[in-house]
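Below you'll find the structure, written out as structure tokens, and then a few comments.
The figures here come from the full heavy-atom set of this structure, side chains too, leaving out hydrogens, waters and symmetry mates. Just follow the structure's listing: the first ligand is 1, and inside any ligand the first atom is 1. Along the sequence shown, residues carry numbers from 1.
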Amino acid sequence: MLIPKVLTKLRAQVPLVHNITNVVVTNFTANGLLAIGASPVMAYAKEEVADMATVANALVLNIGTLTAENVESMIIAGKAANLANTPVILDPVGAGATRYRTESVHRIMKEVEITLLRGNAAEVANVAGIKAKMRGVDSVSEHNNSEIALEAAKLLQVPVVITGEKDIVAVNEKLSIVHNGHQMLTKVTGTGCLLSSILGAFIAVEEDVFLASTAGLVTYGVAAERAFEKTKEEGPGSFQIELLNQLMKIKEEDIKKWMKVESIRG
Ligand code: ATP
Ligand code: TZP
Ligand code: MG
Ligand code: MG
């Protein structure tokens, strides 16, 4: 079984993950990366991002609290990453909410080759320009998310992960659906951002993006389920801390036991 083994590979290699992320989630992201077994670094200055992205094993671009300087740094870092074959993960936080966010994502994607786009259904649909289709439904149903992911992957020519109650991985024509995770993840800010960075760590050690993404989602989802079990009498504060504990404690055997993956194609 391939999926659980990617975590073991990650821990053996301790990938360096360069993050250009938002001010809300910086500390949580660094701690989550450390807990899973990766090495985090946050570097933003345009004078240094190319050097950092070149030595890193993955680059994560997150537009959560975007500034003009950050967009410039993301493009410089992204281009250097492309030259160095460093995989680039893009989290289009809030794409569609403002024109600046959507346009910045398009600018980044025009200049930088993205290895994986990871967002919620609305963000991914907005980036791919399939918003019109979503307006027809009151809320985006989970059933639709697979179609949005496949269509976005095709339109943008980039591997896509859409998260939510179910997580969807769409790479070319391949699709997997991960049913792990817990609703409490929606009560802690930054759990999506941390996931994007953790997917960066998985893709750093496994070049099959479909396998790496599915493995990262399963690992994160199972850790969240275990964190909820331990803290269900308490609340999001305890859950957030316990999630870090479980990201460190989770092992191949836990993943084998608890993983819930549906492979539709692939
Ligand atoms: P949003 O802004 O929509 O919350 P996000 O960037 O925080 O998006 P999420 O879609 O919340 O990202 O995904 C983060 C993690 O939370 C993923 O592991 C996902 O599986 C999990 N998750 C989100 N919603 C649910 C849910 N209803 N039930 C179980 N797990 C969920
Ligand atoms: N505002 C700007 S970025 C951010 C907020 C609240 C964090 C978003 O994190 P996530 O992981 O998408 O919930
Ligand atoms: Mg969320
Ligand atoms: Mg998000």
Side-chain angles (χ1 to χ4, degrees), residues 19-33 35-36 42 44 60-67 70-71 74 89-98 100-102 104-105 116-127 134 139-146 148-149 152 160-170 176-202 213-229 232 236 239-240 242-244 246-247 250 255 258-262:
N19 303 268
I20 303 181
T21 189
N22 69 74
V23 298
V24 182
V25 306
T26 308
N27 178 268
F28 183 53
T29 301
N31 280 322
L33 283 168
I36 198 70
M42 278 61 180
Y44 300 85
V60 181
L61 307 176
N62 177 311
I63 68 153
T65 51
L66 210 50
T67 63
N70 278 357
V71 180
M74 285 182 193
I89 289 74
L90 177 61
D91 187 331
V93 183
T98 65
Y100 182 57
R101 284 175 191 254
T102 315
S104 297
V105 170
L116 178 73
L117 177 71
R118 195 302 303 173
N120 64 35
E123 290 161 349
V124 171
N126 276 302
V127 171
M134 289 178 63
S139 59
V140 181
S141 75
E142 290 290 336
H143 172 73
N144 263 342
N145 286 0
S146 299
I148 294 169
V160 167
V161 165
I162 289 183
T163 53
E165 190 192 342
K166 297 169 197 160
D167 301 327
I168 320 286
V169 185
S176 71
I177 303 180
V178 176
H179 295 264
N180 295 105
H182 196 277
Q183 207 177 357
M184 190 58 95
L185 285 164
T186 66
K187 300 294 176 201
V188 175
T189 191
T191 54
C193 301
L194 169 57
L195 172 63
S196 293
S197 291
I198 284 182
L199 292 179
F202 275 77
S213 301
T214 305
L217 289 166
V218 166
T219 305
Y220 196 72
V222 171
E225 287 165 13
R226 290 158 59 93
F228 180 76
E229 275 311 305
K232 60 183 163 200
F239 174 79
Q240 181 183 19
E242 192 56 35
L243 179 60
L244 296 178
Q246 294 302 328
L247 285 170
I250 191 167
I255 298 170
W258 300 109
M259 63 185 264
K260 287 184 241 156
V261 181
E262 219 180 303

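Atom 12 (O) of ligand 2 has its closest protein heavy atom at C193 SG, 3.8 Å. Nearest protein heavy-atom contact of atom 26 (C) of ligand 1 is E165 CA, 3.5 Å. Given atom 29 (C) of ligand 1, the protein heavy atom at minimum distance is H182 C, 3.3 Å. Looking only at heavy atoms of the protein, atom 24 (N) of ligand 1 is closest to T186 CG2, 3.2 Å. From the protein, the heavy atom lying nearest to atom 21 (C) of ligand 1 is L185 CD1, 3.4 Å. Protein heavy atom at the shortest distance from atom 1 (N) of ligand 2 is V24 CG2, 3.9 Å. The protein atom (non-hydrogen) at minimum distance from atom 13 (O) of ligand 2 is G190 N, 3.4 Å. Distance from atom 2 (C) of ligand 2 to its nearest protein heavy atom, with residue and atom name: G64 O, 3.3 Å.
Protein non-hydrogen atoms do not reach within 4.0 Å of atom 4 (O) of ligand 1.
Inter-residue side-chain proximity for I148 and I162 is flagged as met; some heavy-atom pair is nearer than 4.5 Å. Between F202 and I89 the shortest side-chain heavy-atom distance does not fall below 4.5 Å. Between L247 and L194 there is a side-chain heavy-atom pair separated by less than 4.5 Å.
Paired with H179 under the rule side chain to side chain donor-acceptor pair (under 3.5 Å), one option of E165, K260, K166, E262 passes, and it is E262. Considering T189, T65, N62, T29 as possible partners of N22, the one that fulfils the side chain to side chain donor-acceptor pair (under 3.5 Å) test is N62.
The proximity of D91 to ligand 2, defined as any non-hydrogen pair under 4.0 Å, does not occur for either the backbone or the side chain. Neither the backbone nor the side chain of K187 has any atom closer than 4.0 Å to an atom of ligand 1 (non-hydrogen atoms only).
Ligand 1 places these atoms under 4.0 Å from at least one heavy atom of G164: 10 (O), 19 (C), 20 (O), 21 (C), 22 (N), 23 (C), 24 (N), 25 (C), 30 (N), 31 (C). Residue G192 has at least one heavy-atom neighbour below 4.0 Å for each of these atoms of ligand 2: 11 (O). If you number the atoms of ligand 2 from 1 as listed, the ones under 4.0 Å from a heavy atom of T191 come out as 11 (O). Under a 4.0 Å criterion applied to the non-hydrogen atoms of N120, ligand 1 contributes the atoms 1 (P), 2 (O), 3 (O), 8 (O). Counting atoms of ligand 1 from 1 in the listed order, those under 4.0 Å from a heavy atom of Y220 are 18 (O). Contact atoms of ligand 1 toward L195: 17 (C), 18 (O) (distance under 4.0 Å to a heavy atom of the residue). Residue-ligand proximity, N22 to ligand 2, at heavy-atom distances under 4.0 Å covers atoms 3 (S). Per-residue contacts place G192 under 4.0 angstrom from the following atoms of ligand 1 (heavy atoms of the residue considered): 5 (P), 6 (O), 7 (O), 12 (O), 14 (C).
The backbone N or O of L185 lies less than 3.5 Å from a partner atom in the side chain of T191, making a donor-acceptor pair. N180 places a side-chain N or O within 3.5 Å of a backbone atom of W258 that can act as its donor or acceptor partner. Side-chain atoms of T102 come within 3.5 Å of backbone N or O of G96 as a donor-acceptor pair. When atom types are taken as modelled, the side chain of Q246 and the backbone of R226 share no donor-acceptor pair closer than 3.5 angstrom. Between the R118 side chain and the T163 main chain, no donor and acceptor come within less than 3.5 Å of each other.
Contact record, V25 with C193: CG2-CB, 3.7 Å, taken as the closest heavy-atom pair. Minimum heavy-atom separation, A224 to F239: O-CE1, 3.4 Å.
An N or O contact shorter than 3.5 Å links T163 to ligand 1 by distance. Residue R118 places at least one N or O, backbone or side chain, under 3.5 Å from an N or O of ligand 1. Ligand 1 has a nitrogen or oxygen under 3.5 angstrom from a nitrogen or oxygen of D167.
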Worksheet item: Passes side chain to side chain donor-acceptor pair (under 3.5 Å), S197 versus N19? Steps please.
Response: CA-CA 7 Å; S197 291; N19 303 268; 2.7 Å; yes

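Using the six-membered ring where Trp is involved, F228 and H182 have ring planes that are parallel, under 30° apart on the 30 and 60° scheme.
For atom 7 (C) of ligand 2, the choice among T186, V93, T189, L66 with the nearest heavy atom turns out to be T189.
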